[in-house]
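Please read all numbers here as calculations on a predicted model, not as lab measurements.
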Amino acid sequence: MNRTSLCFLLAVFCLLFSTASFATEDLVELDATLQIISGQVKLTRVGSNKTDVISKSCPLYAGDLLETLIDSKATLTYADGTSMRIKERTLIEVQPMSIRVFKGKTWYKFTKRGTEFRIETPSLVAGIRGTEFEVAVSSRKKTSVAVVEGAVAVRGNYDGDALLTEGLAAFADPDGALSDPVEFNIESKRAEWNDNEWVAEESSSNDIYKLYMDYVNLKNEYGEDDARAIEAKNKFTQADKKLKAARKTKAARKEH
């Protein structure tokens with residue numbers, strides 16, 4: 001290799017190294033804690049096309065994408081006490097003072113973040129003035145906002161704006177046209193987001209269904225021959241065998 005080629009390679013290496021260092025330093029960590037209540041969450045780190053399926057809490061950065069998988073749900077809790085609940089099959093992007101909801105159902109309870117925080121969807125933007133409300137985005141990009149307590153200012157991408165107070169909801173079609181506010185049943189909405197269902201499950205080797213869903217999600221995401229899917233399948237199979245053996249032993253004792 002001649003000197004010119006060597007210098008060129010060194011320059012390329014330095015450029016790549018400096019770019020990687022800048023990208024790492026440029027990440028903005030959120031003051032929010034992710035808690036996976038059940039199942040798994042697919043995480044796509046900001047600035048990367050690589051995704052990973054996680055079942056435990058980890059640091060989050062501005063621009064990260066989170067997607068709850070089948071039979072999965074999670075919460076985000078900010079340092080000021082503001083909280084967000086995320087149902088299954090929901091895809092969001094997290095930012096310090098905003099959340100983008102691309103699909104699925106989310107629930108918010110605000111404390112101090114106030115009017116600067118925004119919820120963005122494909123068809124509307126919601127400015128926070130209230131404390132408890134739901135934002136849902138259908139598979140066809142139709143958005144609904146339902147306020148349980150306080151008030152939320154909503155604006156359609158195409159036409160319309162409204163200030164929703166307690167017991168009022170509004171809808172935006174995929175083009176961003178906003179409907180007039182309509183009433184809904186507050187108690188039914190509260191029941192749908194029952195607090196008792198948002199307490200983290202204790203992990204257990206006998207939780208066969210959870211182990212099975214872990215395997216299914218990993219298999220669907222990476223393929224059944226992936227090492228992560230194989231490991232999850234083995235855990236499920238072993239736990240299932242133990243449970244069946246325990247049941248068999250218990251039944252035999254009853255017979256005697």
* Structure fact -> ring pair (Phe, Tyr, Trp, His ring centres under 6.0 Å) filter on W193, not counting sequence neighbours, yields W107, W198
* Structure fact -> In terms of heavy-atom contacts, P181 and L168 come closest through CB-CD1, 4.3 Å
* Structure fact -> Under a side-chain separation threshold of 4.5 Å, the hydrophobic residues clustered together with F171 are V182
Got a list of side-chain donor-acceptor pairs under 3.5 Å for residues 46-53, not counting sequence neighbours?
{"from": "S48", "atom 1": "OG", "to": "K50", "atom 2": "N", "distance (Å)": "3.0"}
{"from": "D52", "atom 1": "OD1", "to": "Y222", "atom 2": "OH", "distance (Å)": "3.4"}

* **Euclidean distance, D225 CG relative to K219 NZ, rounded to 0.5 Å** => 11.0 Å
* If you round to the nearest 0.5 Å, how far is CG of L124 from OG1 of T121? -> 4.0 Å
* **Contacts of K233 that satisfy side-chain contact (heavy atoms from CB on, under 4.5 Å) - sequence neighbours left out** => Y215, T237
* Residue pair T75, I86: steps toward the side-chain contact (heavy atoms from CB on, under 4.5 Å) verdict -> CA-CA 6 Å; T75 62; I86 312 164; over 6 Å; no
* Who else is in the cluster with L91 when I, L, V, M, F, W and Y are joined by side-chain contacts under 4.5 Å? -> L65, F102
* Asked: Tell me, do S123 and K141 make a side-chain contact under 4.5 Å, heavy atoms counted?
  -> no
* **4.5 Å side-chain heavy-atom contact, R190 and N194** => no
* Can a donor-acceptor pair be found between the side chains of T33 and T77 at a distance below 3.5 Å? -> no
* To do: Among Ile, Leu, Val, Met, Phe, Trp and Tyr joined by side-chain contacts under 4.5 Å, find the other residues sharing a cluster with Y158 and list them by chain and number.
  => none
* To do: Applying salt bridge (Lys or Arg N to Asp or Glu O under 4.0 Å), run through R228 and E221 and close with a yes or a no.
  => CA-CA 10 Å; R228 289 161 289 193; E221 185 64 28; over 6 Å; no
* What are the two closest heavy atoms between L178 and A162, and how far apart are they? -> CD2-N, 3.9 Å
* side chain to side chain donor-acceptor pair (under 3.5 Å) partners of residues 161-187, not counting sequence neighbours, each pair once -> N185-S188
* State plainly whether one hydrophobic cluster holds both V125 and V137, where clusters connect Ile, Leu, Val, Met, Phe, Trp and Tyr through side-chain heavy atoms under 4.5 angstrom apart. => no
* Is the shortest heavy-atom distance from the side chain of I70 to the side chain of M213 under 4.5 Å? -> yes
* Under the salt bridge (Lys or Arg N to Asp or Glu O under 4.0 Å) test, which residues partner E192, sequence neighbours left out? -> K87, K105, K189
* Asked: For the atom pair NZ (K103) and OG (S138), what is the distance rounded to the nearest 0.5 Å?
  -> 11.5 Å
* Which of these, V154, I119, T106, sits in a side chain to side chain contact (heavy atoms under 4.5 Å, CB included) with F133? -> I119
* **Nearest heavy atoms of A32 and L76, plus distance in Å** => CB-CD2, 4.4 Å
* What distance separates T68 OG1 from E88 CD, expressed to the nearest 0.5 Å? -> 7.0 Å
* **With K109 via side-chain contact (heavy atoms from CB on, under 4.5 Å) - residues at least two apart** => S83, E132
* Are Y212 and L69 linked, directly or through other ILVMFWY residues, by side chains that come within less than 4.5 angstrom of each other? -> no
* Asked: Under 3.5 Å, side chain of N234 to main-chain N/O of E231, donor-acceptor pair present?
  -> no
* Structure fact -> Separation between CD (E149) and CD1 (I186), nearest 0.5 Å, reads 9.0 Å
* So which heavy atom on P59 is nearest to which on D64, and how close? -> O-OD2, 4.4 Å
* Measure the CZ-CD1 distance between R85 and I37 for me, rounded to the nearest 0.5 Å. => 8.5 Å
* **Check: S57 side chain, L34 main-chain N or O, donor-acceptor pair, under 3.5 Å** => yes
* Tell me, please, which residues at least two apart from R100 pass salt bridge (Lys or Arg N to Asp or Glu O under 4.0 Å). => E120
* Report yes or no: do L218 and F236 belong to one cluster of Ile/Leu/Val/Met/Phe/Trp/Tyr joined by side chain heavy-atom distances under 4.5 Å? => no
* To do: Would you please name every residue forming a salt bridge (Lys or Arg N to Asp or Glu O under 4.0 Å) with E197, sequence neighbours left out?
  => none
* Transitive ILVMFWY side-chain link L30 to F110, under 4.5 Å -> yes
* Apart from I230 itself, residues in the same hydrophobic cluster as defined by side-chain heavy atoms under 4.5 Å -> none
* Heavy-atom count around R45 CZ within 6.0 Å, excluding the residue itself: above 12? -> yes
* **Side-chain donor or acceptor of S72 paired with backbone N/O of Q40 under 3.5 Å** => yes
* Can I99 and M84 be said to form a side-chain contact (heavy atoms from CB on, under 4.5 Å), step by step? -> CA-CA 10 Å; I99 294 287; M84 173 186 181; 3.7 Å; yes
